[in-house]
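Note sheet for the following structure.
Only a predicted model underlies this, so the values are computations on that prediction, with no experimental measurement involved.
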Amino acid sequence: MIKRLFVSDVHLGSKLCKPKVVRNFKKLIEKFVNYDEVYLLGDIFDFWVKEPETLLKEYKDIVESLNEASASTKLYYIVGNHDFLAFDYADYFNFDLAFEKTFQVYSEKYDKWYKALVIHDFKCDPLYRRFKLLWKFYLMFGDKFWEANRILQLFWGVIAKIIDFMTYKYSYETIRTKGTKKDIEEFRKAVYLKAKKEKVQFLIHGHTHKSAITTYKDAVIIDCGTFLKGEYFEMEGTRFIYKKWQDQSAKRKKRKS
């Protein structure tokens with residue numbers, strides 16, 4: 001039985017990614033050898049806050065660890081909206097980069113093969129759907145205007161207040177890291193419709209920072225949450241297992257105290 005691991009949204013380089021997150025991610029990479037396939041579901045690096053080459057050099061040890069892991073485990077990097085520029089620096093990586101990946105999974109219980117789609121899925125984000133032109137600016141010119149990308153984020157607060165006044169309460173930060181109930185419902189509905197359109201029985205994604213397994217009659221949607229909270233998922237056959245990384249050093253300190 002093939003054993004898979006899915007991890008998303010580490011945001012290396014951003015203020016959200018605290019030292020303990022970096023430390024724990026390094027330890028998780030060491031465990032990659034225990035899996036047949038590992039999927040990085042986007043926003044692993046945060047190229048919105050720092051020039052890509054600078055960031056990759058800053059986290060050289062992590063890049064090297066990922067490359068070493070790919071020698072014994074099939075490693076797939078599914079890029080997101082914060083790290084799509086990884087395509088321009090593919091020489092740093094010894095494994096595949098893509099916007100999405102599909103694979104077949106066999107169910108012994110039903111003696112049947114199912115199709116799975118792995119994607120970051122930022123296009124289902126309510127913000128993307130409302131501000132497509134701005135998102136396209138990032139996608140098209142991010143490699144030349146990464147500094148502008150960082151500056152433009154300052155305006156999201158103003159945009160959010162305008163929308164708050166005109167429609168209903170939400171902010172950029174709320175959508176990205178918390179999500180109002182209405183926004184999350186809208187996102188999950190868009191993901192489900194994508195699964196139907198692509199005719200897949202499993203769709204595994206990141207982006208929302210809110211982990212969940214949602215079962216429909218004809219599809220199962222797995223939101224991998226974020227490793228900023230230590231979250232990741234394992235898949236054995238057609239069974240998904242939610243995991244949360246436990247900081248062993250923190251545990252030892254508690255025991256001593």
Side-chain angles (χ1 to χ4, degrees), residues 4-14 16-18 21-22 24-25 28-29 32 35 37-49 55 59 62 66 74-87 93 95-103 116-129 135 138-139 142 172-179 183-195 198 200 202-214 219-235 240-245:
R4 298 177 172 91
L5 179 145
F6 305 87
V7 60
S8 183
D9 293 85
V10 186
H11 289 276
L12 292 165
S14 74
L16 294 172
C17 189
K18 306 298 183 183
V21 176
V22 178
N24 291 340
F25 187 55
L28 180 65
I29 294 172
F32 284 4
Y35 300 88
E37 297 177 3
V38 172
Y39 294 83
L40 307 174
L41 281 125
D43 289 0
I44 304 303
F45 296 93
D46 202 318
F47 296 146
W48 281 21
V49 297
L55 195 60
Y59 291 98
I62 287 183
L66 290 171
K74 288 184 180 179
L75 187 59
Y76 302 98
Y77 191 160
I78 310 302
V79 301
N81 51 305
H82 281 254
D83 55 6
F84 65 91
L85 294 177
F87 283 117
F93 307 105
F95 43 89
D96 293 338
L97 282 76
F99 275 114
E100 60 183 54
K101 174 76 177 175
T102 59
F103 61 84
L117 172 65
V118 185
I119 192 168
H120 184 70
D121 229 359
F122 68 91
K123 289 186 178 181
C124 290
D125 191 316
L127 270 179
Y128 172 84
R129 296 156 73 86
W135 279 99
Y138 281 119
L139 290 172
Y172 175 70
E173 189 62 22
T174 298
I175 290 288
R176 291 292 295 115
T177 60
K178 298 177 183 177
D183 295 318
I184 292 299
E185 287 177 353
E186 183 180 336
F187 184 94
R188 301 224 190 280
K189 181 180 179 181
V191 172
Y192 170 62
L193 292 175
K194 182 176 182 63
E198 300 293 333
V200 298
F202 297 99
L203 193 151
I204 306 107
H205 70 89
H207 188 68
T208 68
H209 294 201
K210 295 183 73 69
S211 59
I213 298 178
T214 309
V220 178
I221 310 298
I222 299 87
D223 186 332
C224 290
T226 171
F227 196 74
L228 293 170
K229 302 175 187 176
E231 297 176 316
Y232 63 100
F233 276 80
E234 290 181 353
M235 182 182 186
F240 288 88
I241 308 162
Y242 171 81
K243 295 283 186 174
K244 193 160 187 177
W245 185 267

Exercise for the section: Quick one: do Y77 and I44 satisfy side chain to side chain contact (heavy atoms under 4.5 Å, CB included)? Show the steps, please. Expected result: CA-CA 9 Å; Y77 191 160; I44 304 303; 3.6 Å; yes
Handout entry: side chain to side chain contact (heavy atoms under 4.5 Å, CB included) evaluation trace for F227 with D9
Key = CA-CA 6 Å; F227 196 74; D9 293 85; over 6 Å; no
Problem - Close side-chain approach of V7 to L41, heavy-atom, < 4.5 Å - result: no
Handout entry: Side chains of F45 and V10 in contact at under 4.5 Å (non-hydrogen atoms)
Key = no
Completion exercise
For C17 and V22, the nearest pair of non-hydrogen atoms, with its separation, is SG-CG2, 3.6 Å
Problem - Side-chain heavy atoms of V220 within contact of T214, under 4.5 Å - result: no
Fill in the blank from the handout: Between S211 and E231 the two heavy atoms that sit nearest each other are OG-OE2, 2.8 Å
Practice task
Could you check whether the rings of F187 and H205 sit parallel, tilted or perpendicular, using 30° and 60° as the cut-offs?
Solution key: tilted
Practice task
Please answer whether the main-chain N or O of H209 pairs with a side-chain N or O of K229 as donor and acceptor at a distance below 3.5 Å.
Solution key: yes
Practice task
Under the side chain to side chain contact (heavy atoms under 4.5 Å, CB included) rule, what do V118 and F103 come out as? Steps first, then yes or no, please.
Solution key: CA-CA 8 Å; V118 185; F103 61 84; 3.6 Å; yes
Practice task
Would you indicate whether the side-chain heavy atoms of L40 and I78 approach each other to under 4.5 Å?
Solution key: no
Problem - Validation row: K74, V38 side chains within 4.5 angstrom (heavy atoms) - result: no
Practice task
Say whether, by atom type as modelled, one donor and one acceptor occur between the side chain of D83 and the main chain of G80 under 3.5 angstrom.
Solution key: yes
Problem - Criterion ring pair (Phe, Tyr, Trp, His ring centres under 6.0 Å) on F6 and Y39, from CA distance to verdict - result: CA-CA 5 Å; F6 305 87; Y39 294 83; 5.1 Å; yes
Practice task
May I ask you to test the L203-V191 pair for a side-chain heavy-atom distance under 4.5 Å?
Solution key: yes
Problem - Point-to-point distance, once rounded to the nearest 0.5 Å, from CG of D46 to CG of L85 - result: 10.5 Å
Handout entry: W48 side-chain N/O to N81 backbone N/O, donor-acceptor pair under 3.5 Å
Key = yes
Problem - Side chain D43, main chain H82, donor-acceptor under 3.5 Å - result: yes
Handout entry: Partner residues of E37 under the salt bridge (Lys or Arg N to Asp or Glu O under 4.0 Å) criterion, sequence neighbours left out
Key = R4
Exercise for the section: Hey, can you tell me if F233 and Y242 have their rings parallel, tilted or perpendicular (30° and 60° cut-offs)? Expected result: perpendicular
Practice task
For the residue pair L12 and I62, establish whether any side-chain heavy-atom pair is separated by less than 4.5 Å.
Solution key: yes
Exercise for the section: Identify, with sequence neighbours excluded, every residue that meets ring-ring contact (aromatic ring centres under 6.0 Å, His included) alongside Y192. Expected result: Y216
Practice task
Only counting residues at least two apart or in another chain, list the ones meeting side-chain contact (heavy atoms from CB on, under 4.5 Å) with K243.
Solution key: Y232, E234, I241
Problem - Audit row: I204, C224, side chain to side chain contact (heavy atoms under 4.5 Å, CB included) steps and yes/no - result: CA-CA 7 Å; I204 306 107; C224 290; 3.5 Å; yes
Practice task
Would you confirm whether S8, through its side chain, and T226, through its main-chain N or O, come within 3.5 Å as a donor-acceptor pair?
Solution key: no
Completion exercise
Sorted by chain and number, sequence neighbours left out, ring-ring contact (aromatic ring centres under 6.0 Å, His included) with F95 holds for F93
Practice task
For F87, check side-chain contact (heavy atoms from CB on, under 4.5 Å) against everything at least two apart and list the hits.
Solution key: V79, L97, F99
Handout entry: Test side chain to side chain donor-acceptor pair (under 3.5 Å) applied to H207 and D121, step by step
Key = CA-CA 7 Å; H207 188 68; D121 229 359; over 6 Å; no
Completion exercise
By salt bridge (Lys or Arg N to Asp or Glu O under 4.0 Å), D223 pairs with (sequence neighbours left out) R188
Problem - Nearest-0.5 Å distance, CD1 of residue I221 to NZ of residue K189 - result: 14.0 Å
